[in-house]
Amino acid sequence: MMPGYFLFVSDCMTPDKGGSGTVNSILLDFIGSKNCIPVSSGKTGGHQSRFIHTAGFNYAFLPKRLLLYGHLLSVFFARIKIAALIRKYRPDFIIAAYPQLSLFSAAVREADRNGIPYFAYLHDTVGEALSRGPLRDQAAEIQKLVFRTAAGIFVISDGMRELFARKYGLETTVVRHIYPEEIFPPVNASNGRAFWSGAVYGINHRALARMTHACVREGMSATFTGNTPENDLRIFGFPTGSIHRHYYSQRSDYLSAVAQHSVLLLCLNWPDESTVHPDEMATIFPTKTPEYLASGVPVVVHCPDGYFLAAFFRENVCGLVISTRDEREITRQLSAFLADRSLQQEMVANARALKYLFEPELNAGNLKNSVSSALQSPSSRRENSLDSQ
């Protein structure tokens, strides 16, 4: 059980906020404490669902050129709200979950200002992920503060843990995306389609387009669940005539649909195809991966060899990894894989055996044990001297 009251602060709290929203929502279900005070942002009664506290200023309507202004304004209002919650609940500690910078920054700065132990839960890198955008200076500054003063840092994948250890000499604790559902026997059904879950954007659009074309050349169509406009897909070079769009409002319907497909796609762009920092690209472990692994359907990964995603699937022999951009070779490797039912079954069995990595008890337990240990130490603030980073 987590000790005392604590704030769990994130702009992404429910599944309608994407992968990070799903991660946080499921994690909170398994933390098992009635003393958790969830804090989100946006309009009251909107996306925060069961979470009663909102903080911050919704600046989504601002033009991109005013993004810095919106960020600073959002942090200002969020700090006021979080300060009021600190006075009301007197929390023993705060957990600030990132990938949205404004509310994360507000929580970190208010915890630091009030001398409250805080823990960062990073779904993405901070400084690296935002190093090529208008918030790069703010991201670098808050990352230095977190590295220096957080009582503990949680990361969502071993790829991030390895990056922070190698690049900053920083120790972190992995709290993976929890997969709480049971693994059911494979349905051994196929609808002749490839499956892609989530948004299509600057970290995956080129790689996914190549894989979708390869699938079409192998006689398959594709199901996409994201809300990327069809015109954008056409501009990105997708064969839109072979793509079926479907939104699953219930997770049970979504998981059932995943299990009915012929192949599941995980794609990440090469560094020269994305404006995102290569270190961020190399650590990405998509939040849909656990349900893919548990589905009983073969997984095909398309990304560079040097990425953590490729290393994970190669080391665990749990999916086909295609690390070439030559479209003829992509099609050749995919064709050979689809024809080798024995290899598919071996990889599916290996994938399903990895469920223990995403168990609620392991990951919620890692978080709770790390918090308890840090709060019992003589100093619950880090003494890392990383200002030079």
Side-chain angles (χ1 to χ4, degrees), residues 157-159 176-198 204 207-208 210-225 242 244 246 248 251-268 285-305 307-324 327-359 362:
S157 74
D158 291 281
R176 298 180 186 88
H177 177 188
I178 290 173
Y179 182 83
E181 288 86 3
E182 292 294 326
I183 290 185
F184 299 102
V187 296
N188 294 319
S190 172
N191 63 1
R193 295 182 189 175
F195 185 87
W196 170 264
S197 171
N204 55 44
L208 180 59
R210 283 191 294 271
M211 279 306 311
T212 306
H213 277 288
C215 290
V216 171
R217 285 192 288 270
E218 287 302 303
M220 289 188 290
S221 58
T223 300
F224 282 20
T225 70
S242 298
H244 307 265
H246 197 98
Y248 300 94
R251 181 168 170 83
S252 58
D253 294 337
Y254 163 75
L255 294 177
S256 176
V258 171
Q260 298 293 326
H261 282 74
S262 301
V263 67
L264 310 177
L265 303 179
L266 287 174
C267 302
L268 292 173
F285 192 74
T287 54
K288 53 181 166 275
T289 307
E291 55 245 30
Y292 275 23
L293 293 170
S295 68
V297 176
V299 179
V300 174
V301 176
H302 180 43
C303 72
D305 257 332
Y307 285 10
F308 172 71
L309 184 65
F312 178 90
F313 275 83
R314 288 196 193 279
E315 290 170 6
N316 291 290
V317 196
C318 56
L320 174 68
V321 179
I322 301 178
S323 290
T324 176
E327 296 198 6
R328 289 185 179 179
E329 180 62 15
I330 292 171
T331 303
R332 187 195 70 78
Q333 291 187 31
L334 178 62
S335 179
F337 180 65
L338 294 176
D340 193 337
R341 187 59 184 164
S342 176
L343 179 59
Q344 292 179 44
Q345 290 173 340
E346 176 189 351
M347 289 185 168
V348 164
N350 291 341
R352 290 158 70 84
L354 295 171
K355 184 179 187 294
Y356 74 95
L357 291 174
F358 310 97
E359 289 285 356
L362 173 64

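These numbers were taken from a predicted model, which means no experiment stands behind them.
- Nearest heavy atom pair, residue T289 against residue F285, reads CG2-CZ, 3.5 Å.
- Closest heavy-atom contact between V258 and V297: O-CG2, 3.5 Å.
- Looking at S335, its side chain never comes within 3.5 Å of a backbone N or O of T331 through a donor-acceptor pair.
- Interatomic distance, CE of M220 versus CG of L338, reported as 5.0 Å (0.5 Å rounding).
- When atom types are taken as modelled, the side chain of D340 and the backbone of A336 share no donor-acceptor pair closer than 3.5 angstrom.
- Proximity of V301 to C267: side-chain heavy atoms (C-beta onward) are nowhere separated by under 4.5 Å.
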For R332 and E329, what are the C-alpha separation, side-chain angles and deciding distance, and is it a salt bridge (charged side-chain N to carboxylate O under 4.0 Å, His left out)? CA-CA 5 Å; R332 187 195 70 78; E329 180 62 15; 2.7 Å; yes
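- Taking the six-membered ring where the residue is Trp, F195 and Y254 present tilted rings, their angle falling between 30° and 60°.
- Between atom CZ of residue F337 and atom CD of residue E218 there is a gap of 12.5 Å, rounded to the nearest 0.5 Å.
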Walk me through whether L265 and C215 qualify under side chain to side chain contact (heavy atoms under 4.5 Å, CB included). CA-CA 10 Å; L265 303 179; C215 290; 4.3 Å; yes
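- In this structure, L320 and P298 have side chains that are not in contact, with every pair of non-hydrogen atoms separated by 4.5 Å or more.
- Note that CZ of F312 is 5.5 Å distant from CG of L357, once rounded to the nearest 0.5 Å.
- The CG atom of D305 lies 11.5 Å from the OH atom of Y307; values are rounded to the nearest 0.5 Å.
- Looking at heavy atoms from C-beta onward, M211 lies in side-chain contact with I330 at the 4.5 angstrom threshold.
- Of all heavy-atom pairs spanning K355 and E181, the tightest one is CE-O, 2.9 Å.
- Atom NE2 in H213 sits 10.0 Å away from atom CG in L208 (nearest 0.5 Å).
- Closest approach of A339 and Q344 over heavy atoms only: N-NE2, 4.3 Å.
- For the pair F308 and S157, the tightest heavy-atom approach, listed with the atom from each and the gap, is CE2-CB, 4.2 Å.
- For the pair F313/L293, a side-chain contact is recorded, criterion being any heavy-atom separation below 4.5 Å from C-beta on.
- To the nearest 0.5 angstrom, Q333 atom CD is 7.0 Å from T324 atom OG1.
- Distance alone, capped at 3.5 Å, places no donor-acceptor pair between the S242 side chain and the S221 backbone.
- A search for ring pair (Phe, Tyr, Trp, His ring centres under 6.0 Å) contacts involving H246 returns Y248, not counting sequence neighbours.
- Here the rule is side chain to side chain donor-acceptor pair (under 3.5 Å) with T223, and of Q260, R193, H244 only R193 fits it.
- Contact record, P304 with S323: C-OG, 3.7 Å, taken as the closest heavy-atom pair.
- Between the S256 side chain and the S252 main chain, no donor and acceptor come within less than 3.5 Å of each other.
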Step by step, would you call W196 with T212 a side chain to side chain contact (heavy atoms under 4.5 Å, CB included)? CA-CA 9 Å; W196 170 264; T212 306; over 6 Å; no
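- For R176, the salt bridge (Lys or Arg N to Asp or Glu O under 4.0 Å) criterion is met by D158, not counting sequence neighbours.
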